[in-house]
Amino acid sequence: KARNKAANKIKDIAASLLEIYANRSVKSGFRYTIDEEEYIKFCSGFGYQTTEDQEKAINAVLHDMKTIKPMDRLICGDVGFGKTEVALRASFVAASNGKQVALLVPTTLLADQHYDNFKERFANTAINVACISRFKSTKEQNQIKSDVENGKIDIIIGTHKLLNKTFKFNNLGLLIVDEEHRFGVTQKERIKELRTNIEQYDGQKVAFECVEFRDYSQTVYVEEYDEE
């Protein structure tokens, strides 16, 4: 009985994914342009030499963003292998084209870490970065939500609060999901919905996964998520 239930669930998920990708395959995305001078200036803020694999990942993402086809790319790498830099550069390109960026993470700790990194790298630009989590007061959260909806915030970083149906974007162009495997079933359903709805904004989606020496298909994660 349990096996049949699981098999049916897998079929439902597969059918849902096929529908999503079928819809995306016939839709056009936003074709990003890159100001090479400004892009190089932004990249110079990275204090390390990019690795060959980083360069390949960055070039692949930027190539996708410059085409009319909606992007749906997965970036894999171990801890400390530079996935954040890929996200930073993609975010710079999206925000420079007037599109909003949403960086979705599974924990408040990750949200704060990313916020610190993004805030530092975008400090000398006109791009506004914000973070929303349970550490913000209700008043602060409401102001951030309003600023995102009104287009005053270019890059928003947050936990599953970004998946709340009351959270509205002004011109979402890039959805970045960090460690998607750590989200629960309910959150993944909302990610799936947002992945579909992002088409309203001619959007792109990229997921960053941390691949460690374990088989995630055999691992059960119990995470403490923010309270609604």
Side-chain angles (χ1 to χ4, degrees), residues 17 20-21 23-25 27-106 110-111 113-115 117-122 125 127 129 154-158 162 169 171-183 191-192 194-211:
L17 287 173
I20 290 173
Y21 287 115
N23 289 335
R24 289 176 67 85
S25 67
K27 291 187 177 181
S28 297
F30 178 81
R31 190 191 299 273
Y32 289 90
T33 58
I34 300 176
D35 184 321
E36 293 295 337
E37 184 177 346
E38 290 299 317
Y39 177 72
I40 291 173
K41 182 179 178 181
F42 177 78
C43 294
S44 67
F46 184 49
Y48 306 92
Q49 180 67 39
T50 53
T51 65
E52 183 179 346
D53 287 337
Q54 269 184 307
E55 285 291 337
K56 287 181 179 178
I58 291 168
N59 291 337
V61 169
L62 295 185
H63 174 269
D64 286 352
M65 295 180 74
K66 289 188 289 186
T67 63
I68 201 68
K69 183 179 179 181
M71 174 174 63
D72 203 342
R73 181 171 289 275
L74 174 65
I75 305 295
C76 297
D78 207 345
V79 175
F81 273 57
K83 298 185 299 297
T84 301
E85 184 61 22
V86 183
L88 281 161
R89 298 189 186 191
S91 298
F92 175 80
V93 172
S96 296
N97 278 260
K99 294 290 187 177
Q100 289 179 309
V101 179
L103 172 51
L104 179 64
V105 298
L110 263 177
Q113 289 175 345
H114 278 306
Y115 177 67
N117 287 331
F118 272 66
K119 194 70 175 176
E120 180 180 353
R121 286 294 297 278
F122 286 96
T125 71
I127 296 171
V129 182
D154 303 301
I155 301 174
I156 180 66
I157 301 167
L162 295 181
F169 295 91
N171 190 21
L172 182 61
L174 177 64
L175 170 64
I176 300 173
V177 184
D178 193 9
E179 301 194 28
E180 189 170 357
H181 63 272
R182 296 176 66 182
F183 286 93
I191 292 173
K192 186 171 65 177
L194 188 56
R195 176 187 290 180
T196 303
N197 293 337
I198 199 175
E199 296 298 348
Q200 298 173 17
Y201 310 96
D202 299 321
Q204 312 274 7
K205 186 257 187 184
V206 59
F208 291 81
E209 294 286 2
C210 175
V211 180

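Each residue takes its place number in the sequence, starting with 1.
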Minimal non-hydrogen separation, Val101 against Ala95, with atom names:
CG2-N, 4.4 Å
Locate the shortest heavy-atom distance separating Ala111 from Ile157; write the atom from each residue and the value.
O-CG2, 3.8 Å
Can you check side-chain contact (heavy atoms from CB on, under 4.5 Å) on Met65 and Arg89, steps first, answer last?
CA-CA 11 Å; Met65 295 180 74; Arg89 298 189 186 191; over 6 Å; no
Show me the donor-acceptor pairs, under 3.5 Å and distance only, between side chains in residues 33-42 and residues at least two apart or in other chains.
{"unit_1": "Thr33", "atom_1": "OG1", "unit_2": "Asn97", "atom_2": "OD1", "d": "3.2"}
{"unit_1": "Asp35", "atom_1": "OD1", "unit_2": "Glu37", "atom_2": "N", "d": "3.2"}
{"unit_1": "Asp35", "atom_1": "OD1", "unit_2": "Glu38", "atom_2": "N", "d": "3.2"}

Applying the side-chain contact (heavy atoms from CB on, under 4.5 Å) test to Lys99, which of Asn171, Leu172, Leu174 qualifies?
Asn171
For Asp178 versus Pro106, what's the shortest heavy-atom pair and its separation?
O-CD, 3.3 Å
Do any side-chain atoms of residues 47-63 form donor-acceptor pairs under 3.5 angstrom with protein atoms, and if so which ones, sequence neighbours left out?
{"unit_1": "Thr50", "atom_1": "OG1", "unit_2": "Glu55", "atom_2": "OE2", "d": "2.4"}
{"unit_1": "Thr51", "atom_1": "OG1", "unit_2": "Gln54", "atom_2": "N", "d": "3.1"}
{"unit_1": "Gln54", "atom_1": "OE1", "unit_2": "Thr51", "atom_2": "N", "d": "3.1"}
{"unit_1": "Gln54", "atom_1": "NE2", "unit_2": "Gly82", "atom_2": "O", "d": "3.1"}
{"unit_1": "Asn59", "atom_1": "ND2", "unit_2": "Glu55", "atom_2": "O", "d": "3.1"}

Looking at every heavy atom in both Ser91 and Ile155, which two are closest together, and how far apart are they?
CB-CD1, 4.0 Å
Kindly compute the distance separating OH (Tyr115) from CG (Leu103), expressed to the nearest 0.5 Å.
13.0 Å
Parallel, tilted or perpendicular, judged at 30° and 60°: which one describes the rings of Phe118 and His114?
perpendicular
